[in-house]
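Note sheet for the following structure.
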Amino acid sequence: MKTISITDPAQIKKIIDKCPYCMVGLTDCEGNPYVVPMNFAYDNGVIYLHSGPEGSKVKMVTRHPQVCITFCEGHELVYMHKQVACSYSMKSRSVICRGKVRFIEDREEKRRILDLLMKQYTENECNYAEPAIRNVKLWEVKIDNMTCRSFGLRPSEI
């Protein structure tokens, strides 16, 4: 089975758009790895996340703002030879992004980002009450480094 790199931004965006959530890798306050699933929006090289205004994730990212965000789609078990265990693989595509979190505080910018987040999950137009705007923590991650791979391809699929 082969693994190939994907560099076309349009293909990468299609993979990200298929994902219902992302996995965010943080460093906890003791310096240990901490990975959590989060809802997201992706727009022009920036990933937006949201959380409550305080809590463990906010404390972690305030102390260690560098994050790693992973998207993965298309999980299909494939094999070259049915009776050979090491010929099995999981056919999938993944995107790994690294960047630094910046919290968005401006109310109008928060509304714009909340619209992006909601568009990821629904076509319905949404309104936001002032307490909701005030009590949401919006994370902006400008991507410093992005890699994308397709795994488990048979030679005929390359």
Side-chain angles (χ1 to χ4, degrees), residues 3-77 89-153:
T3 297
I4 61 166
S5 293
I6 299 171
T7 57
D8 177 32
Q11 282 187 332
I12 293 170
K13 184 172 181 341
K14 283 182 185 178
I15 293 167
I16 291 171
D17 287 345
K18 287 181 180 180
C19 296
Y21 62 91
C22 61
M23 299 300 288
V24 181
L26 309 167
T27 303
D28 74 12
C29 294
E30 289 76 39
N32 299 306
Y34 183 90
V35 179
V36 62
M38 294 182 76
N39 292 345
F40 72 94
Y42 175 71
D43 187 43
N44 293 321
V46 179
I47 299 169
Y48 297 101
L49 307 164
H50 70 95
S51 68
E54 47 192 52
S56 59
K57 289 191 302 280
V58 172
K59 286 179 188 174
M60 289 177 205
V61 82
T62 298
R63 186 164 183 181
H64 302 285
Q66 287 297 127
V67 296
C68 180
I69 301 171
T70 302
F71 302 89
C72 193
E73 69 90 16
H75 304 85
E76 175 189 352
L77 185 63
S89 183
M90 189 62 67
K91 187 175 178 179
S92 64
R93 298 185 302 172
S94 69
V95 179
I96 299 176
C97 306
R98 297 180 189 277
K100 186 175 181 178
V101 173
R102 178 178 81 92
F103 293 121
I104 304 298
E105 301 299 337
D106 179 76
R107 293 220 192 294
E108 289 310 307
E109 183 68 357
K110 279 184 164 186
R111 287 180 192 279
R112 183 188 76 79
I113 294 167
L114 286 169
D115 284 341
L116 288 173
L117 283 159
M118 293 308 298
K119 283 180 187 173
Q120 177 71 20
Y121 300 98
T122 183
E123 293 180 13
N124 298 328
E125 280 194 37
C126 297
N127 298 313
Y128 315 102
E130 196 55 37
I133 299 291
R134 186 174 49 251
N135 292 318
V136 69
K137 196 71 149 175
L138 289 171
W139 308 24
E140 176 188 75
V141 181
K142 290 184 180 173
I143 299 170
D144 295 329
N145 179 273
M146 177 187 285
T147 58
C148 181
R149 304 272 191 278
S150 183
F151 303 95
L153 296 175

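The basis for the numbers below is simple: all heavy atoms, side chains too, and nothing from hydrogens, waters or symmetry mates.
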[X] versus [Y], closest heavy-atom pair with distance:
X	Y	answer
L117	L138	CD1-CD2, 3.7 Å
K110	I104	CE-O, 3.3 Å
S150	I6	CB-CD1, 3.9 Å
D144	G99	OD2-CA, 3.6 Å

Side chain to side chain contact (heavy atoms under 4.5 Å, CB included) with [X]: which residues, sequence neighbours excluded?
X	result
K100	P65, Q66
N44	none
C68	T70, I96, R98
E125	none

Minimum side-chain heavy-atom gap [X]-[Y] below 4.5 Å:
X	Y	value
L114	C126	no
L49	I69	yes
Q120	N39	no
I15	C148	yes

In this structure, are over 12 heavy atoms from other groups packed under 6.0 Å from N145 atom CG?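 Yes, because the 6.0 Å sphere around CG of N145 holds more than 12 heavy atoms from other groups.
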From CD (E130) to CG (N135), nearest 0.5 Å: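 Answer rounded to 0.5 Å: 9.5 Å.
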Could you give me the CA-CA distance, side-chain angles and deciding distance for F40 and F71, then say whether ring pair (Phe, Tyr, Trp, His ring centres under 6.0 Å) is met? CA-CA 10 Å; F40 72 94; F71 302 89; 4.9 Å; yes
Before giving the answer on side chain to side chain contact (heavy atoms under 4.5 Å, CB included), spell out for C97 and I47 the whole-Å C-alpha distance, their side-chain angles and the decisive distance to 0.1 Å. CA-CA 9 Å; C97 306; I47 299 169; 3.9 Å; yes
Any pair with a residue in residues 43-65 that passes ring-ring contact (aromatic ring centres under 6.0 Å, His included), sequence neighbours left out, goes on the list, sorted by first then second residue, please.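 For residues 43-65: none.
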Write out all pairs satisfying ring-ring contact (aromatic ring centres under 6.0 Å, His included) with one or both partners inside residues 126-145, taking only residues at least two apart or from two chains.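 Listed by first then second residue: F103-W139.
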Who passes side chain to side chain donor-acceptor pair (under 3.5 Å) against [X], sequence neighbours left out?
X	result
R134	none
E109	R112
S5	R149
D17	K13

Contacts table for residues 18-34: side-chain donor-acceptor under 3.5 angstrom, sequence neighbours left out:
from, atom 1, to, atom 2, distance (Å)
D28, OD1, E30, N, 2.9
D28, OD1, G31, N, 3.0
D28, OD1, N32, N, 2.8

Return each pair, listed once, that meets salt bridge (Lys or Arg N to Asp or Glu O under 4.0 Å) where at least one residue sits in residues 45-73; pairs must be two or more places apart or across chains.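 Those involving residues 45-73 are E73-R93.
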